[in-house]
Amino acid sequence: MGLQFAVVSRFSSVNAPYGLDAVLQYHRAISFVALAFVLAHPTIIMIRDTAQLELLNPITAPWRARFGLASVVALVLLIATSVWRTRFRLAYEWWRVLHGVLAVAIVVTALLHIEGVGYYVDGPWKRGFWVAMSLALVALLANIRIVKPIRLLRRPWRVESVRGEPGDTWVLTLVPDGHPGMRFFPGQFAWIRIDRSPFSIHENPFSMSSSADRTDAIEFTISSAGDFTSTLGAVEPGTRAFVDGPYGVFTYELNEGPEFVFVAGGVGIAPILSMLRTMAERDDRRPCLLLYANPSWDDVAHRDEIDRLVEQLDLRVVHVLEDPPAGWDGESGLIDDDVLERHLGRGQHRARYFICGPPPMMVAVEELLGARGIPGEHVDHERFDIM
Ligand SMILES: Cc1cc2nc3c(=O)[nH]c(=O)nc-3n(C[C@H](O)[C@H](O)[C@H](O)COP(=O)(O)OP(=O)(O)OC[C@H]3O[C@@H](n4cnc5c(N)ncnc54)[C@H](O)[C@@H]3O)c2cc1C
């Protein structure tokens, strides 16, 4: 359970090889394993000696058992509120606060339980191990909550502009304020805070949509999804911002190939646009296909720029519209196997695939690619709904 703190600590050495999506899936799965072990522990004790059932009564039980019980209850609460967050109507930010408080409570009460029982701390080496582990956890928390925010405070950004794009989407441009900006791979993302202290719990992850070679500013393409994103339009130029990044492995820089197929749905175009813009800047002429799905033509963000990129790159663009306008002779409906069959050329087994969009689209396209015999290691995705 202590190691869970390291898993979600945003250390690039932990995240870089796998990506946030895989790390969070591991974090989730391993907490169920932890729960199984933690529940097995009192169960085995009670089965061996039913008299120990009294330890479950928090009024009469000794403190060591109370701490153990509190730790288990906090763990069950933490898992229940994570699995059923939307059912409990918990706002994302408040869930994150609760998650952090419960996680610390679980580990602290578990350590007090271990100390109270004394069995695992009855020798200097064993005690030394638990003390070192507790100190490591405190150091991890201090790093996330104090050291990192202080570092961010020294590298502020300013909002240069917020402009609207089709599809209820905003393009937010940030400029570095007194520092050289941020280097990133095209397709990566960062956690941003607008008009909030870097110590605030309110931060949201967004993919950079600008070219990785542009150093004077970074751009994000953001669709209105809830509290923060739907009020972006009201943000004034000059507002202070903080950017924690870059993170993620959704980038051709880490998955090079002779040609690329990009599959975007709605605002999933953001990290893909960053890759295309960077390729244009670097005069990269490797063949690219962009399958770009949207509800209607009026929802297609960055469509003029994508037209311009076609001129600069060896890029074919296929718009797939669910509700096409009258006279539309392009693809309509959803991205299905017929669409793939018509547009994936002979190089489909060589190409690297990058998929980003609504979860059902991503699952469907990954299954279709698998059925076409495209090796899984050629397919990369970025999920926007991982929490
Ligand atoms: C790696 C990654 C890259 C992303 N890139 C983009 C992008 O380029 N453009 C874009 O429009 N969206 C992107 N998103 C999604 C974006 O982060 C959420 O839509 C946004 O944070 C919602 O914030 P809100 O306060 O407006 O919505 P809320 O009403 O608060 O939440 C709506 C839903 O968004 C999710 N969410 C809310 N806050 C967060 C948070 N702090 N972290 C993660 N998820 C959250 C939750 O599932 C929540 O239920 C990305 C998400 C991830 C994980």
Side-chain angles (χ1 to χ4, degrees), residues 8 10 12 15 20 90-100 143-212 214-248 250 266-271 273-274 277 301-302 356 382-387:
V8 293
R10 294 194 199 166
S12 42
N15 285 297
L20 182 68
L90 256 176
Y92 182 81
E93 285 78 12
W94 290 114
W95 167 78
R96 267 186 86 182
V97 174
L98 184 68
H99 201 71
N143 182 49
I144 301 170
R145 295 275 160 246
I146 302 167
V147 178
K148 196 164 241 218
I150 289 176
R151 262 197 231 131
L152 292 181
L153 258 185
R154 293 201 194 119
R155 294 174 67 86
W157 295 70
R158 298 259 161 223
V159 173
E160 187 183 69
S161 62
V162 183
R163 69 174 167 82
E165 268 286 317
D168 212 2
T169 300
W170 304 103
V171 175
L172 167 73
T173 307
L174 301 181
V175 287
D177 190 355
H179 58 90
M182 180 177 79
R183 303 293 310 170
F184 62 93
F185 288 141
Q188 286 191 298
F189 71 93
W191 296 83
I192 66 170
R193 291 181 178 90
I194 308 272
D195 207 12
R196 285 184 191 281
S197 142
F199 293 93
S200 152
I201 54 151
H202 292 272
E203 55 172 353
N204 297 66
F206 298 104
S207 306
M208 279 68 79
S209 57
S210 47
S211 159
R214 190 175 164 192
T215 49
D216 61 323
I218 46 176
E219 244 178 61
F220 299 89
T221 299
I222 297 175
S223 79
S224 302
D227 314 345
F228 169 68
T229 46
S230 51
T231 54
L232 255 183
V235 172
E236 293 290 333
T239 307
R240 201 166 66 145
F242 293 99
V243 178
D244 176 16
Y247 295 102
F250 185 70
V267 77
I269 192 66
L273 187 62
S274 173
R277 283 170 158 171
H302 295 288
C356 187
E382 184 75 289
R383 292 185 64 126
F384 283 1
D385 70 321
I386 48 176
M387 313 294 166

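Quick note: numbers below take in every heavy atom, side chains included, and nothing from hydrogens, waters or symmetry partners. Quick caveat, the model's predicted, so the values are computed rather than measured.
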Engineer: Can you measure from CG (L273) to OG1 (T221) and round to the nearest 0.5 angstrom?
Structural biologist: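 Output value for this atom pair is 6.0 Å.
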Engineer: What's the spacing between I194 CD1 and L174 CG if we round to 0.5 Å?
Structural biologist: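 That separation rounds to 5.0 Å.
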Engineer: Where is the tightest heavy-atom contact between P186 and S274, given as atom of each residue plus distance?
Structural biologist: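 Looks like CA-OG, 3.3 Å.
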Engineer: Quick one, D168 and S223 - any side-chain contact, counting heavy atoms below 4.5 Å?
Structural biologist: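 Contact flag for D168/S223 side chains = no.
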Engineer: Measure the shortest side-chain to side-chain distance between F384 and C356 over non-hydrogen atoms and say whether it is less than 4.5 angstrom.
Structural biologist: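 F384 vs C356: side chains touch.
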Engineer: Check for a donor-acceptor pair, side chain of R277 on one end and backbone N or O of S209 on the other, with a separation under 3.5 Å.
Structural biologist: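 Flag set: sc R277 to bb S209 pair under 3.5 Å.
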Engineer: Check residues 160-167 and write down every donor-acceptor pair under 3.5 Å in which the side-chain atom is one partner and the other belongs to a residue at least two apart or another chain.
Structural biologist:
residue: R163; atom: NH1; partner: E165; partner atom: OE2; Å: 2.8
residue: E165; atom: OE1; partner: H302; partner atom: N; Å: 2.5

Engineer: How are the rings of W95 and H99 set to each other: parallel, tilted or perpendicular (split at 30° and 60°)?
Structural biologist: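 Aromatic pair W95/H99 classed tilted.
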Engineer: Has R193 got a side-chain atom pairing as donor or acceptor with S200's backbone, closer than 3.5 angstrom?
Structural biologist: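 Here the side-chain-to-backbone pair exists.
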Engineer: Indicate yes or no for a side-chain donor-acceptor contact from S210 to the backbone of E219 under 3.5 Å, with no hydrogens or angles considered.
Structural biologist: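 Here the side-chain-to-backbone pair exists.
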Engineer: Within the distance-only criterion (no hydrogens, no angle test), does the side chain of T231 pair as donor or acceptor with the backbone N or O of D227 below 3.5 angstrom?
Structural biologist: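 Confirmed, T231 side chain pairs with D227 backbone.
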Engineer: To the nearest 0.5 Å, what is the distance between CD1 (I269) and OG (S207)?
Structural biologist: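 Rounded to the nearest 0.5 Å, the CD1-OG separation comes out at 11.5 Å.
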Engineer: Give, for atom OH of Y247 and atom CD of Q188, the distance between the pair rounded to the nearest 0.5 Å.
Structural biologist: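 Separation between the atoms: 10.5 Å.
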Engineer: Does any non-hydrogen side-chain atom of L232 lie less than 4.5 Å from one of F228?
Structural biologist: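 In short, these two side chains touch, coming nearer than 4.5 Å.
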Engineer: Please check: side-chain N/O of S230 versus main-chain N/O of G226, any donor-acceptor pairing under 3.5 Å?
Structural biologist: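 Answer holds: yes.
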Engineer: For the residue pair W170 and G233, what are the closest heavy atoms and their distance?
Structural biologist: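 The answer is CH2-CA, 3.5 Å.
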Engineer: Using 30° and 60° as the class limits, which term best fits the ring planes of F206 and F220: parallel, tilted or perpendicular?
Structural biologist: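 Rings of F206 and F220: perpendicular, as their planes differ by over 60°.
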Engineer: Provide the closest heavy-atom pair for A225 versus T229 in the form atom of the first, atom of the second, distance.
Structural biologist: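 Heavy-atom minimum between the residues: N-OG1, 2.7 Å.
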Engineer: Taking the side chain as every heavy atom from C-beta outward, state whether M182 and M208 have any pair of such atoms under 4.5 Å apart.
Structural biologist: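 With C-beta onward as the side chain, the pair touches.
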Engineer: Starting at NE2 of H202, measure out to CD of E93 and round the result to the nearest 0.5 Å.
Structural biologist: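 If we round to the nearest 0.5 Å, H202:NE2 and E93:CD are 5.5 Å apart.
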Engineer: For K148 and D244, run salt bridge (charged side-chain N to carboxylate O under 4.0 Å, His left out): C-alpha distance rounded to whole Å, both residues' side-chain angles, the deciding distance at 0.1 Å, then the answer.
Structural biologist: CA-CA 9 Å; K148 196 164 241 218; D244 176 16; 3.5 Å; yes
Engineer: Looking only at atom types and distance, does a side-chain atom of R158 sit under 3.5 Å from a main-chain N or O of V175, one as donor and one as acceptor?
Structural biologist: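 Checking the backbone N and O of V175 against the side chain of R158, no donor-acceptor pair under 3.5 Å is found.
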Engineer: Side-chain contact, heavy-atom cut-off 4.5 Å: F242 with R155?
Structural biologist: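 Answer no - side chains too far apart.
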Engineer: Do you know the tightest heavy-atom contact between I218 and F184?
Structural biologist: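 Looking at all heavy atoms of both residues, the closest pair is CG2-CE2, 3.5 Å.
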Engineer: Can you measure from CG (L172) to CD1 (I192) and round to the nearest 0.5 angstrom?
Structural biologist: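 So the CG of L172 and the CD1 of I192 are separated by 5.0 Å.
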Engineer: Looking at every non-hydrogen atom in both residues, tell me the closest pair between R145 and F199 and how far apart they are.
Structural biologist: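 Smallest interatomic distance, heavy atoms only, reads O-CD2, 3.4 Å.
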Engineer: Relative to each other, are the rings of W157 and H179 parallel, tilted or perpendicular (30° and 60° limits)?
Structural biologist: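 Correct class here is perpendicular.
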Engineer: Of the non-hydrogen atoms in D216 and P176, which two are nearest, and what is the gap between them?
Structural biologist: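 Residues D216 and P176, closest heavy atoms: O-CD, 3.2 Å.
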